[in-house]
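Structure, as structure tokens:
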Amino acid sequence: MQCKDFEAVLEQEGLDPLPLAARSHLGECSACQNLFADLSVIISSAKTLPAEVDPPERLWVSLRAQMAGEGLIKQRAPAPTEKAAWWQALSTVFRPRVLATAGVGLALAFAAFLTIHRNPVIVKNATPATPVAPAQTAVEPTATQPSSPAPVAPAPAPQVTAHVKSRSNPAAGTQDFKPSPSDNVYDGIPVTVQHPEQNLAGPSIRGSVEADASLRENLRVINEVIAECQKHLKKHPDDALAREYLASAYQQKAQLVAAILDSGRSEQ
Amino acid sequence: MIPHLEINDRTVLSAVGTAILFCAAASAVAAPPEHKEQHFAVKGRPTVVLQNIVDGRIEVKSSKNAEVVVVSTSSPEKVAIDLEQVGDRIDISATGLVNSTQPHEVEANFILTVPEETELQLKTQTGLIYVEQVNGDMQLESVAGDVNLKEVSGYIIVKTTGGSLKCTQCAGKLDFASIGGGAQVLQSSLSRINLMTTTGNLLYDGEFVRTGIYTMKSTRGSVEVRFSPTDSLDVDARSSTGTVDNQAAEFLRPDAHGPHHSRSRGNSFFGTVGQGLAKVELSSYSGTIRILKRP
């Protein structure tokens, strides 16, 4: 056997086991011994390499974007069969985790509903002689505050009836006036959140002048948005989207005020 | 005698003035920005928490090395920087030692080099937050600074007061909340996004992953989405006092599998592209919602 034949045997059959003729050639030829030793080391080293690791997702996004940018690939066509069987979808709904999540979500939604739809008219439209519950008094904005909700005008009688019937709270049935939906949003929000500027009078700063200016500017913007939504809701009380944005603006305002207080910018 | 006294006074005044100038110059020379570099060896997937209470820029890039490198530049007399390592968590904080009266007077800038798989929690007041090629959950907060993300993936939470977000080639999930800042999401493949702003403009020009949920809300700003005709999505666009500008009407057909069949007015629209697998919810109180087909 020649060296050429030995290489052919290695190529076709691998290192182990070698045929008898190849083994006898290997015993005589030093060049083939070197080759065999090198191949053995390579194979044993390859076995110790770690398993293939998936590249991060962003790499594919980046590659795809680059290839699309260079025109190498085009947008893929939609897959024809994506629809799952209806019983599979139904079984997904009844998974314990989904049910638990839905339960918690429902509980939260119910709590939010109760919070938003508590009757604010009890205090706002009560005559001076009417006794006022202490908890409700704490929520009511003061009359001198400019952005406090205006007293609600009496609504037409049929609306009042419908409104009272829809109330789950029996005490609300004794009320004569229908609250504005924008007023409802005030419920559950402490007065300090409604008018937090009172707590932020201090101009002193411990951090960043620019950040402080940004916080104050955005607080002004939020107040504008709140006023705008309130004005809109007076005219269009059924606009659910506007109500949603008003509630969101109050939430943002609360977070903004918390950020200002946390950073120590209110310190005198 | 009197002229002699006048000369003495002038001399004293000159000396005092010169001394003041020397002191000012000396203090200026004595407080150059301090440049520090520290290395923290890590084993697995590190978490880097950086709380910058003062102004400054934060830049994060990745490397193949199993270490976190923190390079900080600040004025040592005005800013205190603390670094601590607890296992694979690196805590960095920068606090002001003096009250600032001018923008960027009290400033600390950071350049972090982290392993590719790293979780980040970064907070600054002003100055850019820039993150590139990092894979991991991240929470980024800024008051007035912008946030720029490139080739990142994970669950990304960005909160700003006035700063804007630009997210290019991102993957995973993205939550953005701001008052004055806008957001641009470009060339990305996110399975869920939730963009909310009060006055900023929102733009999504990326892939709509099947079963993905894309929510974009701007109170006063515009909301714009660009889709490809081969995408599969349901678009629900609503505005209270603004308008819905549907510039891709020929590619959107009425919803066939929901309760929205006929809802298509000036400030409200529902349409489907393809099978409607992704859910896209756009809303604005008074801004314009624009729906475009990608060229």
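Letters A, B, ... are given to chains in the order of the sequence lines, protein chains preceding strands, and every chain is numbered from 1.
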Taking atom CD of Glu228(A) and atom CZ of Arg220(B), what is their separation to the nearest 0.5 Å?
-> 4.5 Å
Measuring heavy-atom distances to chain A, does Thr124(B) have an atom under 4.5 Å in its side chain, in its backbone, in both, or in neither?
-> neither
Could you tell me how the ring of His232(A) sits relative to the ring of Tyr285(B): parallel (under 30°), tilted (30 to 60°) or perpendicular (over 60°)?
-> perpendicular
Atom pair NZ/OG of Lys217(B) and Ser248(A) - distance to nearest 0.5 Å | 7.0 Å
Under 4.5 Å to a heavy atom of chain A? For Lys150(B) that would be neither
Do other residues, nucleotides or ligands put more than 12 heavy atoms under 6.0 Å from the CD atom of Glu117(B)?
-> yes
How many angstroms lie between atom CG of Leu246(A) and atom OG of Ser240(B), to the nearest 0.5 angstrom?
-> 11.0 Å
Region of Ser189(B) that comes under 4.5 Å of a non-hydrogen atom in chain A = both
Go through the atoms of Glu107(B) and report whether side chain, backbone, both or neither lie under 4.5 Å from a heavy atom of chain A.
-> neither
Does the pair Glu207(B) and Arg64(A) meet the rule for a side chain to side chain contact (heavy atoms under 4.5 Å, CB included), with working shown?
-> CA-CA 11 Å; Glu207(B) 187 184 348; Arg64(A) 196 183 328 153; 2.4 Å; yes
Distance, nearest 0.5 Å, that separates CG of Asp239(A) from OG1 of Thr241(B) = 8.5 Å
No-hydrogen, no-angle side-chain donor-acceptor test under 3.5 Å, Tyr245(A) and Ser284(B) = no
Ser218(B) versus chain A, heavy atoms under 4.5 Å apart: side chain, backbone, both or neither?
-> backbone
For Val79(B), is it the side chain, the backbone, both, or neither that has a heavy atom closer than 4.5 Å to a heavy atom of chain A?
-> neither
Between the OG1 atom in Thr161(B) and the CG atom in Leu215(A), the distance rounded to the nearest 0.5 Å is 5.0 Å
Portion of Thr95(B) that has a non-hydrogen atom of chain A nearer than 4.5 angstrom = neither
Proximal component of Ile222(A), with respect to chain B [non-hydrogen, under 4.5 Å] = side chain
Identify which part of Val134(B) has an atom lying under 4.5 Å from any heavy atom of chain A, answering side chain, backbone, both or neither.
-> backbone
Under 4.5 Å, counting heavy-atom pairs only, tell me which of Glu116(B), Gln133(B), Met196(B) racks up the most with chain A.
-> Gln133(B)
State which residues pass side-chain contact (heavy atoms from CB on, under 4.5 Å) with Gln169(B); sequence neighbours excluded, sorted by chain then number.
-> Val61(A), Ser62(A), Ala65(A), Glu151(B), Gln187(B)
Glu224(A) portion near chain B, given a 4.5 angstrom heavy-atom threshold | both
For Lys173(B), does the NZ atom have more than 12 heavy-atom neighbours from other residues, nucleotides or ligands under 6.0 Å away?
-> no
Glu217(A), part contacting chain B, at a heavy-atom distance under 4.5 Å | neither
Residues in salt bridge (Lys or Arg N to Asp or Glu O under 4.0 Å) contact with Arg57(B), at least two apart in sequence or another chain | Glu59(B)
Sort out for me which of Asn52(B), Thr199(B), Ile179(B) touches chain A most, counting heavy-atom pairs under 4.5 Å.
-> Ile179(B)
Proximal component of Thr211(B), with respect to chain A [non-hydrogen, under 4.5 Å] = neither
